[in-house]
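One structure is given here, and the rest of the page talks about it.
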Amino acid sequence: MSGSDQGRGLDVLDVQDRARFEQLVLPHLDAAFNLARWLLRNRTDSEDVAQEALLRACRFFRGFHGGDARAWLLQIVRNTCYTWLEKNRPVELMSEFDEELHQQPSVSPETLAIAGDNRERLTRALETLPPRFREVLVLREFEGCSYKEIAYITAIPIGTVMSALARARQRLQCALTHSSPQEASREL
Amino acid sequence: MSCDSTRTVLHGYLDGELDATRAAEFERHLENCRDCAVALGAVESLRSSLQRSGLYENAPVSLRKKIRADLDAATASPAALRIPAWRWLALAVALLIVASVSWYAWPRVQNSASSAPFTAAELVDAHVRSLQPGHLTDVASTDQHTVKPWFDGKLAVVPPVKDFNAANTSLMFLSCLPRSRTHQFIPPACDRVINGATGVARGWSIARSRTSQIPICTSLPSSSISKSGSLFWQQSFRLCHRATRRLLNSHAMLEATSDLNYRPGLLFTYAFGIFLA
C-alpha cells in the first residue's frame, strides 16, 4: 500500500526510539486493530489501515513526549480510518452525528439482555450505527476508555462525550430491538 | 432533576464519570423514578452484553509480522546512515589529502612514464619484428631519395637521410624502436637511420644517451674498417642483438625504478584516506 511505502526511509527511528516505540506503542496494537476493525467493518481493510496507522505513529513518534500512548495511537488510528473512509466509502460518513433521536419507549433490560446475547445480531446492530456512534461505543465498552480519553481520541469536546455515548447507546438499543422485530419477538 | 436530563446523566453515572455531587443527585432521582431505573438497567444490560460478547478483535499475527518488518525497515538503515559530524570532517580531510597528493604526484608518474624510452616489451616486439624474413632489409638502397620516402609513411618524424658512404656516419638501430615512439628517439646527431644494412655496416654498438632528455639507442660511429657484404652485416647484427638485450635490461630497471618511486607513495596515501574515511 502506498502509505507503507511512504513511511519507509522517512523520519525513521533510531535504535533508542525503536525500543521506546516497541515498549510504549506496540502493546496497543490489539486496541488499534480493534478500533480499525469496528470503524471499517472489515478485517482485511482494517489490517491495511492499522498497518498504515502504525507507520504514521512511527513517523510521528518523535513528537510523542510521554503521556497516554494508547490514546495517542488510537487517535492516529481513528484519523487514518476516517481518511480511508473519506476516500473509499464517503457515503458512510454522511450520516449526521447530531441526528435527532425520536423518543423511544423504554426497552426492558430483559429484552435487551436476550437480544444482546445473540452475537451476530449484536455485531450487525453495532455495524449499522454511524461510525461516530460506533467509535464512542467501541472506545468505552471494548477499550474502557475514560471520557477524557474518548474526547482526546475522537476530537469531540469533553463535555459532549457523555451525550454522545447516551445517543450511541440509545441507537444501539434501537438497532438491537427494532432491526428485526419479528426475530426479537420470536426469541421472546 | 428532570427525566430528560437524567437520560443523559445516567450514562455518566454508569461510567463512573460523575462527580460526587451529581452522582448523589442522580441517585436521589433514581429512587423516585422508575422509568430512569429501567433505563439504567437497560444500559447496564447492554454494556454487559457488549463486554460478554467477545466481539473484541485482536490484531492478527500477519499484521504483527508486517509491522515488525516495517519497523525493521525503518530502523535498520538509519543506524548505518547516521554519521557523526566529525566523521564527515575526517572524510573531507582525507579526500583533500588524497586530492592534493594525487595532484602533486600524478604529473611525475606521467612524466616518468613518458620519459622512460619505451617498455621492454615494446622494444622486444620491435626487434623481433625486424628479424622477420623480409624485414631484415626493408630498403635496399643507399640513395636518400629512396630511403627517405620509405620512412615518410612509417614514422612520425622522418630522420635526415644522408649518403651512407659519407665519412663520420652515425647509424641508428631503428628496428629496435617502436614506431609510435620513434619521433622521440631521433637524435639530432644521427645521420643515418637504417633497419638492416643495405650493404655496408660498421661495428655496431648500442648506447643509451641522455642528451636532450631522450634515451636513444644508436650505433656509434666506429673507427673500424668498413666492409662490404651481408656476412659482416649479419655478424654485426648479432652484436647488436646482444647489445639490445643489455639495453633492455637497463631500461627495464629504469622503468621499474621510475614508477616505483611514486606508486607506493600514492598507494599509501589512498590507503590512509580510506582508513580515515
Side-chain angles (χ1 to χ4, degrees), chain A residues 4 7-15 17-18 21-22 26 29-34 37-38 43 46-48 50-51 54-55 58-59 106-113 115-119 122-123 126 137-138 140-144 146-148 161-163 165-167 169-170 172-173 176, chain B residues 3-19 22 26 33-82 84:
Chain A
S4 60
R8 282 191 188 110
L10 285 171
D11 290 333
V12 276
L13 301 168
D14 61 26
V15 182
D17 278 347
R18 157 103 189 238
F21 188 86
E22 287 192 13
L26 277 195
L29 184 61
D30 282 336
F33 178 76
N34 184 55
R37 181 256 171 270
W38 284 107
R43 281 184 72 90
S46 316
E47 212 174 310
D48 288 347
Q51 186 188 5
L54 262 290
L55 267 167
C58 199
R59 249 182 288 162
S106 294
V107 189
S108 80
E110 293 75 27
T111 315
L112 267 176
D117 274 347
N118 186 323
R119 192 168 183 270
L122 195 59
T123 306
L126 206 50
L137 279 176
V138 167
R140 177 63 221 170
E141 310 294 11
F142 291 162
E143 288 302 331
S146 68
Y147 284 11
K148 196 178 154 198
V161 173
M162 189 160 63
S163 56
L165 260 173
R167 278 199 296 273
R169 281 169 172 152
Q170 221 168 353
L172 185 62
Q173 285 179 5
L176 260 181
Chain B
C3 275
D4 273 352
S5 70
T6 51
R7 285 294 153 90
T8 301
V9 171
L10 75 85
H11 293 274
Y13 177 77
L14 188 74
D15 293 327
E17 294 273 348
L18 293 186
D19 57 46
R22 288 181 82 194
F26 175 76
C33 179
R34 204 188 119 66
D35 277 357
C36 281
V38 169
L40 182 66
V43 174
E44 266 180 319
S45 153
L46 188 69
R47 144 183 284 183
S48 61
S49 297
L50 281 172
Q51 287 172 352
R52 274 186 287 113
S53 65
L55 289 180
Y56 192 100
E57 301 222 15
N58 288 320
V61 180
S62 55
L63 176 62
R64 283 183 193 280
K65 279 186 186 160
K66 276 190 244 173
I67 284 166
R68 286 266 164 218
D70 285 347
L71 273 179
D72 286 341
T75 328
S77 49
L81 278 178
R82 199 161 296 154

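Lettering of chains follows the sequences in order, A, B, ..., and the numbering in each one begins at 1.
In this structure, the side chains of B:D15 and A:L165 come closer than 4.5 Å at one or more pairs of heavy atoms. The closest side-chain heavy-atom distance from A:R167 to B:T8 is not below 4.5 Å. Contact check for B:D70 versus A:C58: no side-chain heavy atoms found under the 4.5 Å cut-off. Under the 4.5 Å side-chain criterion, counting only non-hydrogen atoms from C-beta, B:L46 is not in contact with A:Q170. Side-chain contact between B:R47 and A:R169 is present, with at least one heavy-atom pair separated by less than 4.5 Å.
The residue among B:G16, B:S48, B:G54 with the most heavy atom pairs within less than 4.5 Å of chain A is B:G54. The choice from B:L14, B:I67, B:L55 that makes the most heavy-atom pairs within less than 4.5 Å of chain A is B:L55. With chain B as the partner, the residue from A:R43, A:E22, A:R140, A:R37 showing the most heavy-atom pairs under 4.5 Å is A:R140.
The distance from atom OG of B:S49 to atom CZ of A:R119, rounded to the nearest 0.5 Å, is 13.0 Å. Taking OG of A:S46 as the start and CD of B:E57 as the end, the distance is 8.0 Å to the nearest 0.5 Å.
Nearest approach of A:D30 to B:A59, heavy atoms of both residues: OD1-N, 2.7 Å. Of all heavy-atom pairs spanning B:L50 and A:F142, the tightest one is O-CE2, 3.5 Å. The two residues A:F33 and B:L63 make their nearest non-hydrogen contact at CD1-CD2, 3.8 Å. Nearest approach of B:R64 to A:L29, heavy atoms of both residues: CG-CD2, 3.5 Å. B:R7 and A:A166 get closest at one heavy-atom pair: O-CB, 4.3 Å. For A:M162 against B:G12, the heavy-atom pair with the smallest separation is SD-CA, 3.2 Å.
In this structure, chain B has no heavy atom under 4.5 Å from any part of A:A32. Interface residue A:S146: backbone and side-chain heavy atoms are both found under 4.5 Å from chain B. The contact between A:L54 and chain B is made entirely by side chain atoms (from C-beta outward), counting heavy-atom distances below 4.5 Å.
In terms of the ring pair (Phe, Tyr, Trp, His ring centres under 6.0 Å) criterion, B:Y56 has no residue partners (sequence neighbours excluded). In this structure A:Y147 satisfies the ring pair (Phe, Tyr, Trp, His ring centres under 6.0 Å) test with no other residue, sequence neighbours excluded.
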Check step by step if side-chain contact (heavy atoms from CB on, under 4.5 Å) holds for B:D72 and A:R18. CA-CA 9 Å; B:D72 286 341; A:R18 157 103 189 238; 2.8 Å; yes

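The pair A:K148-B:E17 does not meet the salt-bridge criterion, since no charged nitrogen lies less than 4.0 angstrom from a carboxylate oxygen.
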